Structure formats: structure tokens, C-alpha cells
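Got a structure for you, written out below as C-alpha cells; questions coming shortly.
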Amino acid sequence: MEEKKIATRQSYGEALVELGKQNPNVVVLDADLAGATKTELFAKQFPDRFLDIGIAEQDLMATSAGLATCGKIPFASTFAVFAAGRAYDQIRNSICYPELNVKIVATHAGITVGEDGATHQMLEDLSLMRTLPNMTVMCTSDDTETKWAIQEIANMQGPVYLRLARMATPILYEKGEEFTIGKAKQIGTGKDGTVFATGVMVAEAVKAQKLLKEEGIDIRVVDVHTIKPIDEETIITCAKETKKLISIEDHNIIGGLGSAIAEVLTEKYPTKLIRMGVPDTFGKSGTAEKLMQYFHLTAEDIVKKIKEK
Amino acid sequence: MKIKDVEELKSIATEIRIGVIEAVYHGKSGHPGGSLSCADILAVLYFNQMHVDPKKPDDKARDRFVLSKGHCSPALYSTLALKGYFGREELTTFRQIDSMLQGHPDRKHIPGVDMTTGSLGQGLSVANGMAIASKMDKAGYRTYCLVGDGEIEEGQFWEACMTANKYKLDNLCLIVDNNNLQIDGTIEEVMSPYPIGMKLESFGFNVIEVDGHNLNSLIDAFETAKLTKVKPTAIIAKTIKGKGVSFMENEVGWHGKAPNEEQYKQALAELKKEEEVK
């Protein structure tokens, strides 16, 4: 089933429609990107519960906050760079501090946005969102996991930031697979290394796992779909059980997944961690594939790192 | 419990002002100037206009109020205490370590505070969200949002104006506390938002300009707002920063400063004298 590819933003749009049917309190807001974030799927079905706020992300976030105070469950969507970047203060002061039930689902994160280049490739959002008290931070890897997450975050109270991608990626999990917020998903039990991955990088890690297996190297992949709260237990267990630890993310190596794992390791089980990601720089234009090669974020790059002495 | 008698409302406004001075003096910091300028507006809203019940601060059907100029929390806290949401003695704990009365309004911990505010320019967006929810649920409650005239230099405010217009939020009433001063000087000097009325009208508001210390005018304006359909209303209330305390009036230095003991006594004496005259 790995050949079928779907972007997590598409999964989001489809999941929203299902959610809309189940829960009349779900309201969706967008900032003139409904076609790209896929909230248009919801808009078509439930026009009375869809608000297009226009190119005004600060207003988008604070309007969502107001709706939440009245019992609505707003899903606010735009590109990650505009959500976490442009509207940071609104998220901080009007959503997280009052702990309002707003679900921010940000698409087009990371260098895999591709051709639009640096201005649109958000590489700091996990970092920014992770430091906000009361915020749950997630980044899902495939269709199944994303659809689960949309249902799950609608059912929990409190602010959530969910990071999604533009690029289509393989389906990794069977329908009905079970997940838990705050509990990373371990794929395989290999002891030769652990690759902690999030979002679009999980598929690369799984591919690397297969390539390595052909050479007799058995690693495990840990899909960290919840960056905050981070799954300390799994991190420590993997540090104890495997020879090498790598983290990989389509994000600046500062502040994101690698940093979150390093924080746990430093305090609880000091172990070396190799962080793969965008090395504290901005992105650039190109196809997603070429950019992944350029920034060394492919399965082959993971294989190389695992084999390095 | 709606108070119709204007003399009684005037006394309430004075009581609100006394609470402002108490809070800022005991807190040893805070923002008296803008709190005093909006005291009459709050008196009319909470004691004549809004459908709220201090015994049921979370009532879904209540009218909402967003103090977008969150630094004027002393005015809101004083009003809420007077209305009975919490004891007036709380005001003397303002801004202190064990107090629920944070420097800026905190909806999680203070009964009667509908929205957490403080970072300027965000309140109208939040109020829009409340007004939209009211319309979606056909709940009928109204939403009021008080902004400062300096505050509307924030770009987000104008984004929110477009949203209020797009969704025809006739259940929303914006009030601009036009006291003409901000921290660095007059609003013309710093970054003029004038002409405020024309701007808001062009953004789709039904604009009413009033003397923000004339209670009858304020009541009339709020009543007109209720009757206005299809568009949101903006009341531009011409006010005096520091109103009611002679040495604070129109003085930019009293934007965010606490009175010392002598000034505190004088301020209270002036306000209490005003009470007696009535």
C-alpha cells in the first residue's frame, strides 16, 4: 500500500467534512487559502459554519478565540508561516494564555513546500509553538494518522497546533490503527539505531529502515506525532535499547523535534543524539524532492548517518 | 436590574473612579488615565445596557464585553466589583502576587471578565467571534468592545473592522474611548488615526459621535445601536483622559503611573466631593 500517496492537508480537508457531520459546534476559518489548505471541502458542505477572514491572519486567530469563548470549536487554517509566524502574538495572548479551545491546523510547513521558496517555507513553527504554555503541538505523518488527529483534537479541550504538509506522502498506517496524543508511534523493534522522525520525514525514515534491513542493519523508527507533550518514556527506552539515536525533521534543527528530544535526554538519560534537519538557515526555491536532497533529508541520508562511525 | 435614573448612574461612575484610584494606589502601578476616561461608558454598559447577572458569570445567554484596551483593567475590575462579581476589597490587591486581579484582564481567573486582553488591537476580532457565534446560534446576545483611540493604530483593528462589516454584525457595538492621548503624546503627534468617524464609516460602521461623559447621550447611542440592522455600530466617545481627578485630567504623564499617598488622598477627596454634590 506504500505506493498510494496523499498530502496530509488533503486528509485534513476530508476529515473536517466528517467532523462537521458529527459535531455542529465545529467551525472552520481560513485566510484566503481554503483551496490550498483544503478547508474548502468543509466550506462546500457547511457554508454557514465556514468563515473566510481574508488575508488577515491576526484577525483569523483572534476571531477564532472569540468563537471559542462561546462554545464553538474553531479550526483555524492557513500556511504555517502565517499561522505561527505572523499571528504569533494573537496565538500567545488571545489563545494560549486564556487556554481557549482553538485548533490551529497549519499546512505548507517546511522546505517541502518547494518552489515558493524561503518566505513560504516555515522552519521555526515547532519551536515557536512549543514554547507556549497550554499548547499541544502535533505534526502528523500520513493520511491515517492525520484523520485520527483531527477527530482527536476536536474531542480534547484546549489549544492545539497541528503542522501539516503540502507534499503528498505514502500511507504508512492501516485504517483503524490506534494512536494516542503524547505517545509516539514506534515502527519496528530494531536495536541498531533509532530514528525519531516527524511529519513528512517519517516516510523517509521508514524507507531508510527497509534499505538498512537489506544490509542486515535493524533500526526502529519512532513517529513523533506529538511534539508537545513529548513522549519521554519512549525516548528513554530507545536510548537504553538502541545503539544510535537520530532525529530528523523538515524544520530548523534549533527548537523543534531534535531539541525536544535532546531536552529529555540531557536530563533523564544523557545520550548522544544526531539532529538532522535544516541547519539554521532559510529555505530556497526548488522542487520538494530536490530540496530534500539539498538539505540531506532523504532516506539515503539517514542510511548514511546510521552507518557513519 | 437596569438603572434608568441618570443621577444614580452618575454616582456609579464616580464609584467606579474611586475604585480605579484605590486599585492603582494599592497596586503601586497601573493605568489611571484611560481608566478614568472610560468610567462613564462602563457605568452605562454594566448598569443600564448589558444583560448580565453577576450570580451567573458564565451564562451562555449573557451579553459580552471585551475591554480591548486591557491596560484599563482598573476600570473594568472596579465596575465588576461594584456590580457584585467579587468583593470591592479585592481592588486593593490589584497587581499583587497573590491577587486574581492581574495587571491586565484574565478571563480564566476573574469572574465577569469575558476575554483576556492586554496586547492591543486584538479585542475587536475577539468580539467579532462572539457576535458571529451569537448569530450562528440565534442566541440574541449582544457584544460590546471598548478600544482606545491610540490602540486603533494597530493594523489588526482594521482587519477586524472589515470582518465586522462582512458578517453584518449588527449585534456588535464598538466604542472608541477618544481621550486623545497615548503614552508618547497626543494621538495626532504620535500617529494620527483621525478622522476616526469617517474611517469607520467607510469601513461599514454606523457611526455615532457622543460626549463620552454625558450619560444620556451614551444611553441614546447604545439604544440607537440596538435598533440598527445589518451593520455594526461604532460609538466614538469624546472623553477626557484622567476625568474626575483635576491633576490627572489631560495629562499624558498619568497614562500609566500610580499616585503617591498625597495624590491618592487628593484624588479621593475630589471624587468623594463630587459624590456629595450630587
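Predicted model only: the values in this text are computed from it and were never measured. Chain naming here is simple, since letters A, B, ... match the order of the sequence lines and numbering starts at 1 in each.
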*Any chance you could lay out the side-chain contact (heavy atoms from CB on, under 4.5 Å) test for A:Lys72 and B:Ile132, step after step, and finish with the verdict?*
CA-CA 10 Å; A:Lys72 299 292 172 197; B:Ile132 291 167; over 6 Å; no

*asked:* If you compare all heavy atoms of B:Arg107 against all heavy atoms of A:Leu100, which two are closest, and at what distance to 0.1 Å?
replied: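 Taking B:Arg107 first and A:Leu100 second, the nearest heavy atoms are NH1-CD2, 3.5 Å.
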
*Okay, side chain of B:Lys166, backbone of A:Asp52: is any donor-acceptor separation there less than 3.5 Å?*
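Yes.
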
_B:Lys55 atom NZ, neighbour heavy-atom count above 12 within 6.0 Å_ =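 Check fails, neighbour count at 12 or below.
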
*Heavy-atom contact with chain A under 4.5 Å, split by part of B:Met130*: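 Answer is both: backbone and side chain atoms of B:Met130 are under 4.5 Å from chain A.
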
_CZ/B:Arg62: more than 12 non-hydrogen atoms of other groups inside 6.0 Å_ =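 For B:Arg62, atom CZ is crowded (more than 12 foreign heavy atoms under 6.0 Å).
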
_Report which part of B:Phe157 has an atom under 4.5 Å of a heavy atom belonging to chain A: side chain, backbone, both, or neither._
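Interface part for B:Phe157: neither.
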
*Report the option among A:Pro74, A:Ala65, A:Cys70, A:Ser64 that has the most heavy-atom pairs separated by less than 4.5 Å from atoms of chain B.*
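Sorted descending by pairs with chain B, the first entry is A:Cys70.
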
*asked:* Counting only heavy atoms not in A:Glu233 (residues, nucleotides, ligands), do more than 12 fall under 6.0 Å from its CD?
replied: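 Atom CD in A:Glu233 is not crowded, with 12 or fewer foreign heavy atoms closer than 6.0 Å.
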
*Approximate separation, where rounding is to 0.5 Å, of A:Thr69 OG1 and B:Asp58 CG*: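 That separation rounds to 11.0 Å.
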
*asked:* As an exercise, state the distance from CD of B:Glu159 to OG1 of A:Thr63, rounded to the nearest 0.5 Å.
replied: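 If I round to the nearest 0.5 Å, the distance is 9.0 Å.
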
_Neighbour count above 12 (heavy atom, 6.0 Å) for B:Lys168 NZ_ =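 Not buried by this count: 12 neighbours or fewer within 6.0 Å.
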
_With rounding to the nearest 0.5 angstrom, report the CG to NZ distance, A:Asn134 to B:Lys108._
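It comes to 4.5 Å.
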
_With a sphere of 6.0 Å drawn around CD of A:Glu267, does it hold more than 12 non-hydrogen atoms of other residues, nucleotides or ligands?_
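Counting neighbours around CD of A:Glu267, 12 or fewer heavy atoms of other residues, nucleotides or ligands fall under 6.0 Å, so no.
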
*Rounded distance [0.5 Å steps], CD in A:Gln58 versus CD in B:Glu154*: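 So the gap between those two atoms works out to 8.0 Å.
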
*Atom pair OG1 (B:Thr163) and CG (A:Leu29), whose distance is rounded to the nearest 0.5 Å*: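 Taking OG1 in B:Thr163 and CG in A:Leu29, the distance rounds to 9.5 Å.
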
_Proximal component of A:Asp48, with respect to chain B [non-hydrogen, under 4.5 Å]_ =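 Backbone only.
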
*Count the heavy atoms of every other residue, nucleotide or ligand shown that sit under 6.0 Å from OH of B:Tyr194, and state whether that count exceeds 12.*
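Count over threshold, so yes.
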
*Under a 4.5 Å heavy-atom cut-off, does chain B meet the side chain of A:Leu60, its backbone, both or neither?*
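Neither; nothing under 4.5 Å.
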
*Which answer fits B:Ala127, side chain, backbone, both or neither, if we ask what part of it has an atom under 4.5 Å from a heavy atom of chain A?*
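Neither part.
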
*How close do B:Val126 and A:Ser94 get, heavy atom to heavy atom, and via which atoms?*
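It is CG2-OG, 4.3 Å.
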
*B:Met191 atom CE: more than 12 heavy-atom contacts under 6.0 Å*: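 It does not: B:Met191 CE has 12 such atoms or fewer within range.
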
*asked:* If you count every heavy atom of other residues, nucleotides or ligands that lies below 6.0 Å from B:Lys28 atom NZ, does the total exceed 12?
replied: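 No, NZ of B:Lys28 has 12 or fewer neighbouring heavy atoms, counting only those of other groups under 6.0 Å.
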
*Measure across A:Phe50 and B:Tyr167 and return the closest heavy-atom pair with its distance rounded to 0.1 Å.*
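So the two residues come closest at O-OH, 4.4 Å.
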
*asked:* I'd like to know whether B:Ser125 forms a side-chain contact (heavy atoms from CB on, under 4.5 Å) with A:Met61, so could you lay out the CA-CA distance, the side-chain angles of the two residues, the decisive distance to 0.1 Å, and finally the verdict.
replied: CA-CA 8 Å; B:Ser125 302; A:Met61 293 305 169; over 6 Å; no

*In Å and rounded to the nearest 0.5 Å, what is the CG to CD1 distance from B:Asn128 to A:Ile53?*
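Atom-to-atom, B:Asn128:CG and A:Ile53:CD1 are 7.5 Å apart.
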
